[in-house]
Amino acid sequence: MSEIRYVRGDATVPSVKGVKVIAHVCNDLGGWGKGFVLAVSRRWPEPEAAYRAWHRDRASNDFGLGAVQFVRVEPYVWVANMIGQRGIRTGSKGVPVRYEAIDTALGRLADRAAELDASVHMPRIGCGLAGGKWSRVEPLITERVTRRGVPVTVYDHGDAG
């Protein structure tokens, strides 16, 4: 069983060989414009366009909490848009993160990564704007992804100190 590898750097630029899936959490409102998605959009326009179309056509597709959309952005790089937060604001129902949805999405991510023989790269999903706690998310990644032998690297942005 592999462990999650932690590195400092940008999750949109994984420096490993082979097929890579860059995974991140999206909201269920069709909103794309804050947080990690900005780094994704700076590198590739396709994930945002695909997410917006997926949301727009949601009456006739699987868009919703726990769903995952895989968008190929380079021959060996995919972006996984995972729906893991309800709404975008902390309110009377608490923070937007939905751990059950992230758990479901991670299972789908692991299936696809295994099919592609890919490694997975991500920021600390669900812990930025979604308001989640890494102590709740990390075990889900271990259970759903690394336990299946899929290598996972988590990126912390910025410089130490």
Side-chain angles (χ1 to χ4, degrees), residues 4-14 20-56 58 61-73 77-91 93-114 116 118-148 150-158:
I4 297 172
R5 199 167 72 97
Y6 290 89
V7 299
R8 200 161 281 291
D10 181 348
T12 67
V13 203
K20 300 168 267 297
V21 178
I22 297 168
H24 68 109
V25 167
C26 303
N27 63 66
D28 64 350
L29 291 181
W32 181 291
K34 285 190 172 149
F36 183 71
V37 298
L38 295 177
V40 171
S41 289
R42 273 196 294 276
R43 286 188 61 84
W44 311 283
E46 300 91 346
E48 177 178 359
Y51 168 78
R52 290 190 186 282
W54 188 30
H55 177 261
R56 190 174 50 247
R58 65 193 176 281
N61 65 37
D62 67 342
F63 185 94
L65 288 170
V68 185
Q69 179 187 51
F70 295 92
V71 183
R72 192 174 202 167
V73 293
V77 182
W78 296 74
V79 171
N81 292 333
M82 305 189 301
I83 310 298
Q85 73 182 73
R86 162 132 4 247
I88 53 174
R89 291 196 175 77
T90 298
K93 295 188 175 77
V95 294
V97 71
R98 291 295 175 268
Y99 297 109
E100 313 73 38
I102 289 175
D103 189 41
T104 301
L106 286 169
R108 293 180 171 134
L109 172 67
D111 290 344
R112 189 60 175 273
L116 295 167
S119 55
V120 171
H121 304 267
M122 62 178 70
R124 291 187 187 235
I125 57 168
C127 296
L129 297 168
K133 291 187 173 22
W134 187 245
S135 60
R136 296 270 312 270
V137 175
E138 186 184 46
L140 302 178
I141 296 167
T142 300
E143 182 64 35
R144 293 281 177 218
V145 189
T146 59
R147 202 168 262 175
R148 299 210 21 211
V150 174
V152 174
T153 303
V154 171
Y155 295 74
D156 285 317
H157 209 69

| task | Could I get the full list of side-chain contact (heavy atoms from CB on, under 4.5 Å) partners for Thr104, not counting sequence neighbours? | result | Arg108
| request: Hey, can you tell me if Trp32 and Tyr51 have their rings parallel, tilted or perpendicular (30° and 60° cut-offs)? | output: tilted
| His121 side chain to Thr12 main-chain N or O, any donor-acceptor pair under 3.5 Å? | no
| query | Closest heavy-atom contact between Tyr155 and Gly9? | reply | CB-O, 3.7 Å
| For Arg43, what residues pass the salt bridge (Lys or Arg N to Asp or Glu O under 4.0 Å) criterion, not counting sequence neighbours? | Glu74
| remark: In terms of heavy-atom contacts, Tyr99 and Val137 come closest through CE2-CG2, 3.8 Å
| Between CG of Leu140 and CD of Glu100, what distance do you get to the nearest 0.5 Å? | 9.0 Å
| request: Check step by step if side chain to side chain contact (heavy atoms under 4.5 Å, CB included) holds for Arg112 and Val21. | output: CA-CA 9 Å; Arg112 189 60 175 273; Val21 178; 5.7 Å; no
| field | For Gly33 against Leu38, the heavy-atom pair lying closest together | value | O-CD2, 3.3 Å
| query | What pair of heavy atoms forms the shortest contact from Ala11 to Pro14, and how long is it? | reply | O-CD, 3.6 Å
| query | Do you see a donor-acceptor pair shorter than 3.5 Å between the side chains of Asp62 and Trp54? | reply | yes
| task | Kindly write out the residues that satisfy side-chain contact (heavy atoms from CB on, under 4.5 Å) with Val73, not counting sequence neighbours, or none if the list is empty. | result | Trp44, Glu46, Pro47, Val71, Val77, Val79
| task | Under the side-chain hydrogen bond (donor to acceptor under 3.5 Å, both in side chains) rule, collect the residues that match up with Asn61, sequence neighbours excluded. | result | none
| CZ of Arg58 to CG of Asp28: how many Å apart, nearest 0.5 Å? | 9.5 Å
| Gap separating the CG atom of Asp111 from the CZ atom of Arg148, nearest 0.5 angstrom | 4.5 Å
| query | What's the shortest heavy-atom distance between Ala130 and Pro96, and which atoms? | reply | O-CD, 3.1 Å
| remark: Sequence neighbours excluded, the answer for side-chain hydrogen bond (donor to acceptor under 3.5 Å, both in side chains) partners of Asn81 is His24, Gln69
| request: Evaluate the side chain to side chain contact (heavy atoms under 4.5 Å, CB included) criterion for residues Ile141 and Val120: first the C-alpha distance (whole Å), next the side-chain angles of each, then the deciding distance (0.1 Å), finally the verdict. | output: CA-CA 10 Å; Ile141 296 167; Val120 171; over 6 Å; no
| field | Residues, nucleotides or ligands: over 12 heavy atoms within 6.0 Å of Arg52 CZ | value | yes
| request: Enter the distance from Ile88:CD1 to Cys26:SG here, rounded to the nearest 0.5 Å. | output: 12.5 Å
| message | Keeping Asn27 on the side-chain end and Arg86 on the backbone end, is there a donor-acceptor pair under 3.5 Å? | response | no
| request: Might you work through the side chain to side chain contact (heavy atoms under 4.5 Å, CB included) test for Val152 and Met122, ending with a clear yes or no? | output: CA-CA 8 Å; Val152 174; Met122 62 178 70; 4.3 Å; yes
| said: Quick check: closest heavy atoms across Val145 and Ala110, and the distance to 0.1 Å? | reply: CA-CB, 4.1 Å
| message | According to side-chain contact (heavy atoms from CB on, under 4.5 Å), who are the partners of Leu129, at least two apart in sequence or on a separate chain? | response | Lys34
| For Phe36 and Arg124, what are the C-alpha separation, side-chain angles and deciding distance, and is it a side chain to side chain contact (heavy atoms under 4.5 Å, CB included)? | CA-CA 10 Å; Phe36 183 71; Arg124 291 187 187 235; over 6 Å; no
| query | Nearest 0.5 Å, what's the CE-CD1 distance between Met82 and Ile125? | reply | 4.0 Å
| For the atom pair OG1 (Thr146) and CG (Leu106), what is the distance rounded to the nearest 0.5 Å? | 10.0 Å
